[in-house]
Amino acid sequence: MSALLDNLNPEQLAAVTLPPQPALILAGAGSGKTRVLTTRIAWLISTGQASQASILAVTFTNKAAKEMSARLAAMLPINPRGMWIGTFHGLCNRLLRAHSRDAGLPETFQILDTADQLAAIKRLVKALNVDDEKYPPRELQHFINANKEAGLRAAEVEAWDEWTRKRVEIYAEYERQCQKEGVVDFAELLLRAFELLSRNEPLRLHYQSRFRHILVDEFQDTNHLQYEWLKLLAAYGGAAPAAVFAVGDDDQSIYAFRGADVGNMRDFERQFAVKSVIRLEQNYRSHGNILDAANAIIANNSKRLGKNLWTEAGAGEPIRLFEAPTDIDEARWIVEETQALIRDGAARSDIAVLYRSNAQSRVLEHQLFSTGIPYRVYGGLRFFERQEIKHALAYLRLLANPDDDTAFLRVVNFPTRGIGARSIEALADSARTYNASLYATVPHLAGRPGASLALFVRLIEDMRQATRDLPLPEVIDHVLDASGLRTHYRAEREGEERLSNLDELLSAAANFVAEAEEPGLAGFLAHASLEAGEHQADAGQDAVQLMSIHAAKGLEFDVVFLSGLEEGLCPHENAISEPDGLEEERRLIYVAVTRARKRLYLSLAQSRMLHGQTRYSMKSRFIDEIPAGLIKWLTPAARPAAERYFDPAPRKAQSQAKDLGGLRIGQLVSHPKFGQGVIVSAEGAGSDARIQINFGGVHGMKWLVLSLAKLTPA
DNA sequence: CATCAATCACCGTAG
DNA sequence: GTGATTGATG
């Protein structure tokens with residue numbers, strides 16, 4: 001026991017050993033947050049204050065949940081599976097599987113990922129004859145999810161205008177469609193679990209009396225529904241509420257876009273009458289210069305609970321900053337620098353390259369690949385989201401739940417078996433009249449299309465027969481052959497990688513069976529939806545880590561490259577116009593900077609390919625928020641002169657040189673009112689000539705009449 | 001009904 | 001630049 005509490009600083013110790021009552025721990029980046037959480041659980045159990053079964057710990061990412069389980073297993077001679085530890089989605093899934101009937105779901109309900117959900121909405125929009133120009137499926141998807149995250153069913157959404165009334169109607173139809181097919185989307189997992197507990201009193205009382213200790217990681221990222229779910233489970237307002245131990249950092253709140261509400265921290269403090277607020281401000285991760293930069297950046301935010309990180313570590317190295325002419329040059333430089341680090345003995349896995357948007361990874365991957373440096377990309381297109389994997393999973397889903405129309409449509413004619421759009425349309429029509437799923441409607445269909453469809457149904461039924469008593473990997477193996485997927489990809493010219501991914505699916509299943517509590521098909525399918533990113537084909541290898549800043553939260557590395565620090569990208573142009581958008585972008589940079597232990601590189605590119613076009617931008621305002629003394633410029637001048645600003649190797653799109661009275665595209669210019677900007681494009685000629693300039697920041701993009709604008713080369 | 005080429009829209013972050 | 005969608009052709 002004493003060893004358990006050794007080496008904790010006074011604040012950490014106080015947090016770990018708080019009496020069982022509501023507590024809020026404001027834990028700065030690198031302050032030992034995970035350690036406090038896990039030690040708290042170990043302490044509660046080893047002092048006999050809590051049983052394993054009375055613990056519920058919830059996190060946001062699978063990575064964090066796994067980490068917590070692993071650390072607990074190292075601290076306690078127990079099986080951490082006795083506790084409920086997982087993500088919000090994972091725990092809600094567990095709850096719904098255990099009580100599917102009470103929740104109004106089939107036992108084998110399937111989970112729709114983002115792409116499945118969008119496909120389902122598109123299908124619905126088509127079936128309802130809705131104008132998809134006026135009601136774009138993506139927008140509808142966002143509308144539905146936002147309402148679910150706010151805890152609102154279609155009937156509860158207030159619609160003030162015709163547009164929204166229609167969207168509510170589609171939302172209601174979507175709910176009906178999902179219910180009929182026995183599928184739930186991500187947001188539905190949470191909402192359904194919430195409704196299950198709130199409507200079913202015996203069940204609620206059971207879980208409320210079981211979970212006496214509820215620990216929440218990354219509390220700042222909870223959305224409204226998740227907070228309400230926690231309140232319900234903790235018996236908030238009742239005679240004997242559970243002890244909620246919430247750990248969070250308002251400065252690291254970066255998920256407002258999906259409904260996260262930092263206000264939950266204040267609400268929690270007030271509503272639960274929290275007596276103990278503990279601040280963890282000593283940072284054990286980063287050198288002083290890195291921490292100073294992070295503190296300086298975040299100090300520009302106005303809405304903060306207030307916190308200042310400090311460290312006993314020395315200042316360390318300066319922050320290195322590199323400005324490249326193009327995104328390709330930027331990537332090349334990052335790779336060269338990485339090579340040098342590895343040559344000097346750095347482990348590849350201790351080096352991370354971070355970026356704002358996943359699209360940036362391609363250039364980096366290309367450079368790394370051609371240099372032969374092993375790398376691993378997190379996020380982006382994930383293993384379980386690959387086309388061939390989704391096809392295989394769709395067959396499996398049909399085995400588990402034939403009413404899953406999304407799965408049905410995905411593979412009914414893949415590999416092709418003569419079932420075209422006409423047949424599908426006819427089938428969908430009768431499915432509507434019978435009010436049944438596509439699969440169930442097939443026997444009712446007469447004529448020629450009916451025959452080929454019946455063959456497909458027969459195929460699935462045969463698969464079900466043949467795999468009835470087989471272990472999961474063999475089920476999948478059989479399905480891959482019987483479906484014709486293997487044959488199809490063997491014939492495809494570039495199908496080799498797809499084939500090996502399908503084999504990888506087999507080993508993923510074998511792994512799953514070995515580790516899971518419920519190693520059945522339904523469990524595996526849920527795993528595939530919920531942990532789409534966890535399984536990577538080249539996991540385990542010592543590789544350079546590539547990921548978005550969001551994905552990097554909670555992780556740390558010796559060396560961090562933060563790339564693409566340009567106005568429009570970081571801060572992202574869409575965020576600037578959003579309320580509080582800029583502050584969230586700043587927190588994003590704060591998160592990125594605080595990932596680094598020893599060395600931090602910042603980089604930007606003056607021009608970048610985006611949407612197949614070259615874009616010119618200015619350096620991010622956030623760079624200017626770092627005290628100049630902490631930065632070491634690796635490029636000659638703070639701003640390169642106009643001449644050298646040009647792309648030395650112009651790409652096609654910009655090669656047509658235009659005469660703009662001495663100015664050129666890509667050049668940095670100064671305007672008396674708008675300040676510095678980059679010439680992006682031009683049109684017209686003579687006195688009509690207009691040029692487009694990206695001033696970044698407040699002014700943004702502007703079209704100016706060349707003959708009137710008082711521009712000087714900067 | 002399948003295949004291929006041409007055209008179009010899209011990339012902001014995620015479980 | 002990529003992946004989805006549409007249109008012409010066999």
Side-chain angles (χ1 to χ4, degrees), chain A residues 58-65 86-93 111-119 122 126 132-133 136-138 142 145 148-149 184-190 218 221-223 225-226 253-260 327 354-363 366 378-382 384-387 413-425 448-449 452 526-534 547-553 564 568-576 578 581 584-585 587-589 591-592 608-615 651-653:
Chain A
V58 57
T59 65
F60 273 85
T61 65
N62 297 302
K63 241 179 263 166
T87 62
F88 276 101
H89 292 88
L91 295 176
C92 286
N93 176 52
I111 300 168
L112 299 183
D113 67 17
T114 312
D116 293 332
Q117 185 188 31
L118 186 61
K122 279 184 183 163
K126 208 165 256 171
D132 62 359
E133 301 255 303
R138 277 186 182 284
H142 183 79
N145 289 338
K148 286 189 180 186
E149 276 154 13
V184 299
D185 55 51
F186 284 137
E188 183 73 22
L189 279 174
L190 300 176
E218 309 277 15
D221 287 333
T222 51
N223 63 33
L225 182 56
Q226 287 160 338
S253 157
I254 53 174
Y255 283 107
F257 71 89
R258 60 171 195 202
D327 48 350
L354 309 184
Y355 34 77
R356 172 67 234 263
S357 70
N358 284 312
Q360 288 169 251
S361 74
R362 217 189 17 212
V363 197
H366 180 78
Y378 293 81
L381 185 61
R382 293 178 276 191
F384 283 109
E385 291 168 2
R386 287 166 197 274
Q387 183 206 125
N413 197 33
F414 191 96
T416 50
R417 40 178 78 90
I419 300 171
R422 289 291 269 281
S423 311
I424 299 295
E425 219 163 285
R448 203 165 50 82
S452 39
H527 166 85
S529 304
L530 292 171
E531 302 188 25
E534 293 307 289
M547 66 192 83
S548 72
I549 301 174
H550 284 89
K553 191 159 73 132
L569 196 60
C570 202
H572 195 275
E573 54 198 345
N574 298 355
I576 294 174
E578 286 166 16
E584 174 139 328
E585 297 291 297
R587 291 192 291 268
L588 207 48
I589 295 291
V591 167
R608 183 179 293 280
M609 281 294 250
L610 214 66
H611 301 171
Q613 269 186 337
T614 310
R615 288 253 312 238
R651 276 170 264 179
K652 272 185 214 142

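Basis for what follows: all heavy atoms, side chains included, without hydrogens, waters or symmetry-related copies. Numbers restart at 1 for each chain; the letters A, B, ... are given by sequence-line order, proteins then strands.
- Side-chain proximity of A:His89 to the nucleotides B:dG12, B:dG15, B:dC11 is greatest for B:dG15.
- The distance from atom CG of A:Leu118 to atom C1' of B:dC11 is 14 Å, rounded to the nearest whole Å.
- Between B:dA14, B:dG12, B:dG15, one nucleotide has an atom nearer to the side chain of A:Phe186 than all others, and that is B:dG15.
- Side chain of A:His89 to backbone of A:Leu189: no donor-acceptor contact under 3.5 angstrom is found.
- Distances from the side chain of A:Ser357 to the nucleotides B:dG12, B:dA14, B:dA2 place B:dG12 closest.
- Comparing B:dA14, B:dT3, B:dG12 by their closest approach to the side chain of A:Thr416 singles out B:dT3.
- Side-chain atoms of A:Glu578 lie closest to B:dG12 of the nucleotides B:dG12, B:dA14, B:dA2.
- Looking at residues two or more places apart in sequence or on another chain, you find no ring-ring contact (aromatic ring centres under 6.0 Å, His included) involving A:His572.
- With rounding to whole Å, A:His142 atom NE2 is found 14 Å from B:dC11 atom P.
- Contact check on A:Glu584 versus A:Arg587 returns a salt bridge, with a Lys/Arg side-chain nitrogen under 4.0 Å from an Asp/Glu carboxylate oxygen.
- The side chain of A:Arg422 lies closest to B:dC1, out of B:dA14, B:dG12, B:dC1.
- Take A:Arg417 and apply the side chain to side chain contact (heavy atoms under 4.5 Å, CB included) test, not counting sequence neighbours, and it matches A:Tyr395, A:Asn413, A:Pro415, A:Ile419, A:Phe456, A:Leu459.
- Listed pair A:Ser529 / B:dG15 fails the phosphate criterion, with no side-chain N or O lying under 4.0 Å from OP1 or OP2.
- Between A:Lys553 atom NZ and B:dG15 atom P there is a gap of 11 Å when expressed in whole angstrom units.
- Among residues two or more places apart in sequence or in another chain, the side chain to side chain contact (heavy atoms under 4.5 Å, CB included) test is passed with A:Thr114 by A:Gln141, A:Phe186.
- The phosphate of B:dG15 has neither OP1 nor OP2 within less than 4.0 Å of any side-chain N or O from A:Asn145.
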Identify the pairs formed between an N or O of the protein and an N or O of nucleotides 1-10 of chain C at a distance under 3.5 Å, and give each distance.
{"residue": "C:dG1", "atom": "O6", "partner": "A:His611", "partner atom": "O", "Å": "3.3"}

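- Between A:Gln117 atom CD and B:dG15 atom P there is a gap of 15 Å when expressed in whole angstrom units.
- The distance between atom CZ of A:Phe384 and atom P of B:dG15, rounded to the nearest whole Å, is 14 Å.
- A donor N or O paired with an acceptor N or O is not found under 3.5 Å between the base of B:dG12 and the side-chain atoms of A:Gln360.
- Side chain of A:Thr59 to backbone of A:Ala64: no donor-acceptor contact under 3.5 angstrom is found.
- The interatomic distance linking A:Ile254 (CD1) with B:dG15 (P) rounds to 11 Å, in whole Å.
- Listed nucleotides: B:dG15, B:dA14, B:dG12. Nearest to the side chain of A:His572: B:dG12.
- The side chain of A:Glu149 lies closest to B:dG15 when the candidates are B:dA14, B:dG15, B:dA2.
- An OP1 or OP2 oxygen of B:dA14 is reached within less than 4.0 angstrom by a side-chain nitrogen or oxygen of A:Asn358.
- Remark on DNA chain B: of its neighbouring residues A:Leu610 and A:Ser548, the 5'-side contact belongs to A:Leu610, judged by nearest-heavy-atom nucleotide.
- With sequence neighbours excluded, the residues satisfying salt bridge (Lys or Arg N to Asp or Glu O under 4.0 Å) with A:Asp116 are A:Lys390, A:Arg397.
- Applying the salt bridge (Lys or Arg N to Asp or Glu O under 4.0 Å) test to A:Glu149 and every residue at least two apart in sequence or in another chain returns nothing.
- Closest heavy-atom contact between A:Leu225 and A:Asn223: N-OD1, 3.1 Å.
- A:Arg138 comes within 4.0 angstrom of sugar-phosphate atoms only, judged by non-hydrogen atoms across all strands, and of no base.
- Looking at heavy-atom distances under 4.0 Å, A:Phe88 makes no contact with the nucleic acid at all.
- A:Tyr255 does not qualify as a stacking partner of the B:dT13 base, lacking a centre-to-centre distance under 5.5 Å together with planes within 30°.
- Comparing B:dG15, B:dC11, B:dT3 by their nearest atom to the side chain of A:Ala359 picks out B:dC11.
- Side-chain proximity of A:Ala575 to the nucleotides B:dA14, B:dG12, B:dG15 is greatest for B:dG12.
- Rounding to whole angstrom units, CD1 of residue A:Ile549 and P of B:dA14 are separated by 10 Å.
- If you check every strand for non-hydrogen atoms under 4.0 Å, A:Asn413 touches sugar and phosphate atoms only.
- Between the C1' atom of B:dC1 and the CD1 atom of A:Ile424 lies a distance of 12 Å, rounded to the nearest Å.
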